[in-house]
Amino acid sequence: MTEPTSTGLDARLASVLCYAGWWVTGLVFLFAERQHRGVRFHAAQSLLVFGTLSAVMFVSGGASAIAFLVARPSFQLLQVAGNVVWLATVALWLVLVLKAWRGETWRVPLVADLADRIAG
């Protein structure tokens, strides 16, 4: 995966950059990269994985804020759940960045097939 891409970047670097800014850079590279299927896959996978997880964290944060005002005991539970999602997301992000840097493609379960269709 060392051949150049339509963006002029090395494919491995472009793949890492797809994950660097979570779903935002995935979206940017999905539109910017026209030729390299591997980079487009990483961009689509980043968009799907981190877009979904960002939405989950946003909803969790909103629910937590409402629970703080309405039901304090559930607030703590929602805070713990939100922190677990955050830590899992960061761990997944690190794995994907490291795999992309090594030139490997790790297919995230439940998302990779859809990313293939989007990248195709």
Side-chain angles (χ1 to χ4, degrees):
M1 197 173 19
T2 58
E3 67 273 6
T5 63
S6 62
T7 59
L9 297 172
D10 177 71
R12 191 175 72 157
L13 175 60
S15 296
V16 169
L17 291 175
C18 287
Y19 297 111
W22 289 27
W23 64 270
V24 176
T25 51
L27 183 63
V28 167
F29 272 91
L30 193 58
F31 284 108
E33 179 55 52
R34 297 283 180 212
Q35 298 172 343
H36 198 282
R37 186 160 163 70
V39 172
R40 287 186 53 81
F41 170 79
H42 286 290
Q45 182 166 263
S46 176
L47 178 63
L48 292 169
V49 168
F50 296 112
T52 301
L53 289 171
S54 292
V56 167
M57 287 187 286
F58 178 77
V59 169
S60 172
S64 180
I66 291 169
F68 180 76
L69 299 172
V70 178
R72 298 269 171 128
S74 59
F75 166 73
Q76 291 178 337
L77 179 63
L78 288 169
Q79 283 285 277
V80 169
N83 289 341
V84 168
V85 170
W86 168 252
L87 288 173
T89 301
V90 170
L92 178 60
W93 176 78
L94 284 170
V95 167
L96 289 169
V97 167
L98 289 173
K99 291 279 189 183
W101 182 250
R102 291 179 180 156
E104 302 171 18
T105 300
W106 186 58
R107 300 174 56 83
V108 176
L110 305 175
V111 174
D113 291 338
L114 181 56
D116 271 334
R117 282 185 262 153
I118 292 171

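As a basis for the values below, the full set of heavy atoms in this structure was taken, side chains included, without hydrogen atoms, waters or symmetry mates. Numbering of residues begins at 1 and proceeds along the displayed sequence.
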Kindly work out whether a path of hydrophobic side-chain contacts (I/L/V/M/F/W/Y, heavy atoms less than 4.5 Å apart) joins [X] to [Y].
X    : Y   : answer
M57  : V59 : no
V80  : L78 : no
L77  : V56 : no
L13  : L98 : no
V108 : V97 : yes

(message) Has S46 got a side-chain atom pairing as donor or acceptor with C18's backbone, closer than 3.5 angstrom?
(response)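 Between the backbone of C18 and the side chain of S46 there is a qualifying donor-acceptor contact (under 3.5 Å).
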
(message) Could you walk me through whether L17 and T25 satisfy the side-chain contact (heavy atoms from CB on, under 4.5 Å) test, starting with their C-alpha distance in whole Å, then the side-chain angles of each, then the deciding distance to 0.1 Å, before giving a yes or no?
(response) CA-CA 7 Å; L17 291 175; T25 51; 5.7 Å; no

(message) Going by side-chain hydrogen bond (donor to acceptor under 3.5 Å, both in side chains), name the residues that satisfy it together with S60, two or more places apart in sequence or in a different chain.
(response) none

(request) Can you sort out the partners of F75 under ring-ring contact (aromatic ring centres under 6.0 Å, His included), two or more places apart, ordered by chain and number? (result)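 ring-ring contact (aromatic ring centres under 6.0 Å, His included) check on F75 returns F68.
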
(request) Please identify each residue that fulfils salt bridge (Lys or Arg N to Asp or Glu O under 4.0 Å) with R102, with sequence neighbours left out. (result)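 Salt bridge (Lys or Arg N to Asp or Glu O under 4.0 Å) check on R102 returns nothing, list empty.
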
Review item, side-chain donor-acceptor pairs of residues 28-35, under 3.5 Å, at least two apart:
| residue | atom | partner | partner atom | Å |
| --- | --- | --- | --- | --- |
| E33 | OE1 | T5 | OG1 | 3.2 |
| E33 | OE1 | S6 | N | 3.3 |
| E33 | OE1 | S6 | OG | 3.3 |
| E33 | OE2 | S6 | N | 3.3 |
| E33 | OE2 | S6 | OG | 2.9 |
| E33 | OE2 | Q35 | N | 2.9 |
| E33 | OE2 | H36 | N | 2.8 |
| R34 | NH2 | F31 | O | 3.2 |

(message) Checking L114 now: which residues fulfil side-chain contact (heavy atoms from CB on, under 4.5 Å) with it, not counting sequence neighbours?
(response)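 Checked L114 against side-chain contact (heavy atoms from CB on, under 4.5 Å); matches are L48, R117, I118.
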
(message) What I'd like to find out is whether the side chain of Q45 reaches to under 4.5 Å of the side chain of W106, using heavy atoms alone.
(response) no

Distance-only check: which donor-acceptor pairs under 3.5 Å involve side-chain atoms of residues 81-95, not counting sequence neighbours?
| residue | atom | partner | partner atom | Å |
| --- | --- | --- | --- | --- |
| N83 | ND2 | Q79 | O | 3.3 |
| T89 | OG1 | V85 | O | 2.7 |
| W93 | NE1 | Y19 | O | 2.6 |

(request) Could you tell me the separation between the NE2 atom of H42 and the CG atom of L96, rounded to the nearest 0.5 Å? (result) 8.5 Å

(request) Taking all non-hydrogen atoms of both residues into account, name the closest pair between A112 and F41 and its distance. (result)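 Residues A112 and F41, closest heavy atoms: O-CE1, 3.6 Å.
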
